Amino acid sequence: MGKPLLSLLDRLRHPGRLPASLQVQIVPALRAGIAGVLPILAGELMGEPLVAGIGVVGFLGCLIDPGGEPQVRLKAMMSFAVLVAAVCLLAWAGSQWLPLGIGLAVVCGFAFSYVMVLGAAATAVGLMLTVELVVFLGQPLPGAGMVLLGAFFAFLGGLWAVVLTLVIWPNGGDTPARGALAESWRALAGLAERMKSLHDAPPRPGGWERIAPEGWAPVRATLETTRSRLAAVRRTRGGTSARSRRVLLLLSDAETVFRLLCALCGSLEAIDRSGAAPARAAAGAFSNALRDIAESCRIIAGLLDAPPRDLAGARSRAALLTAALAGLDRSIGALGHAGATPDGPVAQAALVMREAALCLADAGRTTPAGHSADALADVIWAPADPLGLTAIGETLKSNFTIRSVAFRHAVRVALGAGLSVGLSQSSALDHGYWMSVTTVIILQPYTATTWRRMLDRVAGTVAGSVAAALLLAVLNTPLEIAVLIFPFLVVAMLLRAVGYAFYVLAMTVAFLLIADLFAANGLAPWSLSWLRIESSFLGAALALVLCFSLWPNWEARGLPNAIAASLMAARDFITAALARPDGAALDARTRGGLQRACGLANNNAETALQRLINEPRIVPSPAVEPALAAISAARRLSGLAIEIDALPAAAFAGPQNAAVAASAARWADEALAGLAASLAGQGSSGALPPLPQDVVAACRHAAADVAQAGAPGLLFAALERMERQVSAIAGGAGDLLAALPAAAPATPAARSPA
């Protein structure tokens, strides 16, 4: 809880700095709180717990709202409303005979978990249905009449969530998309500031090497979030408005600035390392330019955050942006004077900064937009492919194998649900369904994520139980308790973006207040809280036993494949950037697709590495360091491809230079494909082929006389760095394979038709 706690405290001290991921949750949080508390208040005033059940199911219905297209949201939420009523009826039948109840928990637990192969919306619905099943099994309603009434109220709860979310208080316009876009520009500002601090500081080993894994990955993740939110907003509308096109252009500009900043990282590293006179003369201008880029990005983010009708604020920010861009122009001019030759590295970096300045001016509308969004619109605003019955059947069938992550996870959840229901019912544990809920929620597809979820769940439950006991000790009336439930439900929804432990803390308080409000046995506050803690420990222990005994999904099996995928994406990008027989750079659409593929593949590899780090171990895995080295080098290789693509056509002019570029492309293709095959277990050796002699000679010539090498020298210097990065990948890959146990084949991930 350490990092999320520090982050939360920082946000509370600086409320104006709330990220888009938290800002966009405010309306859904208030909506979910209202969905939960109004029926609970009505149930308390009427003295009818079944009415309060409408609020509980309504709150859970808001939790599974997938967002995006109204049709998708309606299907997911109405499916939950219908199925939760059916689950209530099934649970009553299972509560009449314990073996039948255990069987239902096993069968339904498997089915509700296995639907994760159909995507995130199905996963959320399945989890909530599993939770409701074990709750209904643990708290059976007396008599068939009460069961029918309870099922009806459960359906009303799901329907109440649909009406509130899609009719009474739908999402407001493009606010989530604009908030995410503003966060993307703030992430770009942070990257520019990080580059400035590295450039200003004395050279230190590993400084520029770390910026790729630590600086680029968060920006790419933020841009992907923005892309998905823009797509969701666009698919709710029939046409393309001028404002929506403008928002799309702003995302295109953000992608371009990110590409240019990645290219600048490599240029600045080479310039700082050279220590030549032009580099020393340009040091101050580079620093000022990076500062102005960061300031411009933050101003653009402020324009997006501001209310649309705040004309005075918009004019003020536009004036600040104009001043920042004027300062950037002066710095770029100074860089041009500092460059040793028109084709030198300083002058080339100045050209990249000039392109960034034009892009920033376009984003802030200080110059007319000079390009069309139609091509990018086809990519970003493409509607989601409909998921027909044939596709659903094929997806379910293809994953129905013991080698599937989804199948194994569903088996673990099924056994966890069945065992927890059997243990809690046979031992007559009071509120025993809390144990079952804890077990099915903690179990995750991967060992590392299950372990992390267990720690967060237990910590949040203990803290929330203590807080609830203290509150119940001072609250005097049921109405006070009912009113206090609302803020905790809202806070729980908001804290989902901060950390799971904080979400569990707030949810524990809210549901203990609800349990106390309608408790029939009159337990004291501390007794109720202790029951919650005891049940959570028992459920967590059962979940861990199942996690470690049934196909523990150690990341050593999947990490090499994830790194291999990142190497293949880097291979595609670097070879495409070098394949310029006519000197023409890649077109914007191709370049953007290749860069995005590299970013996503590297982020996936880093996620797998993070799971490896989070795995419960007495000593850290020896695979962490070599994997980090290989992933970092692969990310820097994609940045190098951006630099090569940005080189002037003169760098490739002439048959000799074109031949060197083609030789280097063939070598990179062979080397990276061989390393990827070795990591994926499809090759016997990860040894690099020798670098072609014409490439070696060209690199030596450029290194011997940098001032006279001209534009081709920039290409040859980039090729020398390419060879160095590929060698670093080879070293990391070799050490990684040596550090990992003789592995079984990697388990395939669940496929999603999306």
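Only a predicted model underlies this, so the values are computations on that prediction, with no experimental measurement involved.
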With sequence neighbours excluded, residues passing salt bridge (Lys or Arg N to Asp or Glu O under 4.0 Å) with [X]:
X	value
Glu224	Arg220, Arg227, Arg596
Arg259	Glu355
Asp645	Arg591

For residues 571-579, dump all side-chain donor-acceptor pairs below 3.5 Å to protein atoms at least two apart in sequence or in another chain.
from, atom 1, to, atom 2, distance (Å)
Arg571, NH1, Asp669, OD1, 3.3
Thr575, OG1, Arg571, O, 2.6
Thr575, OG1, Asp572, O, 3.2

In Å, rounded to the nearest 0.5 Å, how long is the span from CG of Leu191 to CH2 of Trp216?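 It is 8.5 Å, given to the nearest 0.5 Å.
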
How long is the straight-line distance from CD of Glu606 back to CG of Leu559, given to the nearest 0.5 Å? 11.0 Å

Review item, side-chain donor-acceptor pairs of residues 728-736, under 3.5 Å, at least two apart:
none

Derivation of the side chain to side chain contact (heavy atoms under 4.5 Å, CB included) call for Asp329 and Asp292: CA-CA 9 Å; Asp329 282 338; Asp292 290 327; over 6 Å; no

Stepwise, does the side chain to side chain contact (heavy atoms under 4.5 Å, CB included) test hold for Thr226 with Glu183? CA-CA 8 Å; Thr226 303; Glu183 191 66 18; 5.9 Å; no

Applying side chain to side chain contact (heavy atoms under 4.5 Å, CB included), run through Arg635 and Asn603 and close with a yes or a no. CA-CA 9 Å; Arg635 193 177 284 279; Asn603 281 9; 2.6 Å; yes

Qualifying side chain to side chain donor-acceptor pair (under 3.5 Å) pairs, either residue in residues 295-304, two or more places apart: Glu193-Arg298

Are a donor atom and an acceptor atom from the side chains of Ser663 and Arg666 found within less than 3.5 Å of each other? yes

